[in-house]
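Contents: one structure, followed by commentary.
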Amino acid sequence: MLRVPATPYRLALVCSLFAAAACGSGDITIPQDGLPAHITLVSGDGQSGTVGQPVADSLIVRVTDSKDRPVKDQLVGFVMTAGGTVGLLIPDTLMTDADGRARALWQLGEVAGAQKVEARVVARGHPGTLAAEFTAT
């Protein structure tokens with residue numbers, strides 16, 4: 001039997017193969033993964049209600065990375081953009097859960113007609129660029 005002496009290269013290769021096998025194929029996260037890339041409406045859009053009163057359903061958005069995986073602990077802000085200044089969002093800023101979701105309650109403003117709320121990802125490098133809009137009347 002021919003014996004080949006161990007070289008640093010072969011040892012490194014064997015260690016790398018064992019490490020890769022131990023991690024599994026889906027457990028490795030590279031630095032750009034896990035950063036917010038998308039925000040989408042889940043529920044609460046297109047509601048109608050009485051001025052000054054809460055709408056029936058919560059506003060829910062989902063934040064995902066570039067591979068459509070949920071982004072946990074991402075700060076999301078909810079801001080009224082049309083329909084009066086007295087509307088109320090509870091809370092107006094919160095963190096996403098393990099499924100990448102953030103939820104707020106919406107009390108309509110004191111102006112009848114179309115009202116809008118924008119959910120915005122609050123992150124360095126994405127100031128106001130990742131947003132989703134809810135409407136209500």
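Considering only heavy atoms from C-beta on, I39 stays 4.5 Å or farther from R62 through its side chain. With contacts defined as side-chain heavy-atom distances shorter than 4.5 Å, the pair F134/V61 qualifies. The closest side-chain heavy-atom distance from D57 to S43 is not below 4.5 Å. Residues Q74 and T64 fail the side-chain proximity criterion, which asks for heavy atoms closer than 4.5 Å. Residues V117 and V79 have side chains not in contact (no heavy-atom distance under 4.5 Å, counting atoms from C-beta outward). Annotation: side chain of R101 is not in contact with side chain of T96 (no heavy-atom distance under 4.5 Å). The side-chain heavy atoms of D97 and K72, taken from C-beta on, include no pair separated by under 4.5 Å. Looking at M95 and V76, their side chains never come closer than 4.5 Å, going by heavy atoms from C-beta outward.
Atom-to-atom distance recorded for I60:CD1 and T40:OG1 is 11.0 Å, nearest 0.5 angstrom. For the atom pair L59 CG and L105 CG, the distance stands at 8.0 Å (nearest 0.5 Å). Atom-to-atom distance recorded for L89:CG and E118:CD is 12.0 Å, nearest 0.5 angstrom.
When all heavy atoms of G100 and P70 are compared, the closest pair comes out as N-CB, 3.6 Å. Of all heavy-atom pairs spanning Q115 and W106, the tightest one is O-CH2, 3.7 Å. Contact between V63 and P36 at its shortest, heavy atoms only, is CG1-CB, 3.7 Å. Of all heavy-atom pairs between A56 and Q47, the closest is N-OE1, 3.3 Å. Listed here is the closest heavy atom pair of E133 and T81: OE2-OG1, 4.1 Å. Of all the heavy atoms in A104 and P91, the pair that sits closest is CB-O, 3.6 Å.
Atom CZ of R103 sits in a sparse spot, with 12 or fewer heavy atoms from other residues, nucleotides or ligands closer than 6.0 Å.
With no hydrogens or angles considered, a side-chain donor-acceptor pair links D45 and T135 at under 3.5 Å.
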I would like to know whether F78 and I90 meet side chain to side chain contact (heavy atoms under 4.5 Å, CB included); could you show each step before the answer? CA-CA 9 Å; F78 289 86; I90 305 170; over 6 Å; no

If you apply the rule side chain to side chain contact (heavy atoms under 4.5 Å, CB included), what do you find for Q53 with L108, and how did you get there? CA-CA 6 Å; Q53 298 297 313; L108 295 174; over 6 Å; no

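Of the possible polar contacts, none joining the S66 side chain to the A37 backbone as a donor-acceptor pair under 3.5 Å is found. At least one donor-acceptor pair closer than 3.5 Å links the side chain of Q107 to the backbone N or O of G52.
A chain of hydrophobic side-chain contacts below 4.5 Å, direct or via other Ile, Leu, Val, Met, Phe, Trp or Tyr residues, connects V71 to L41.
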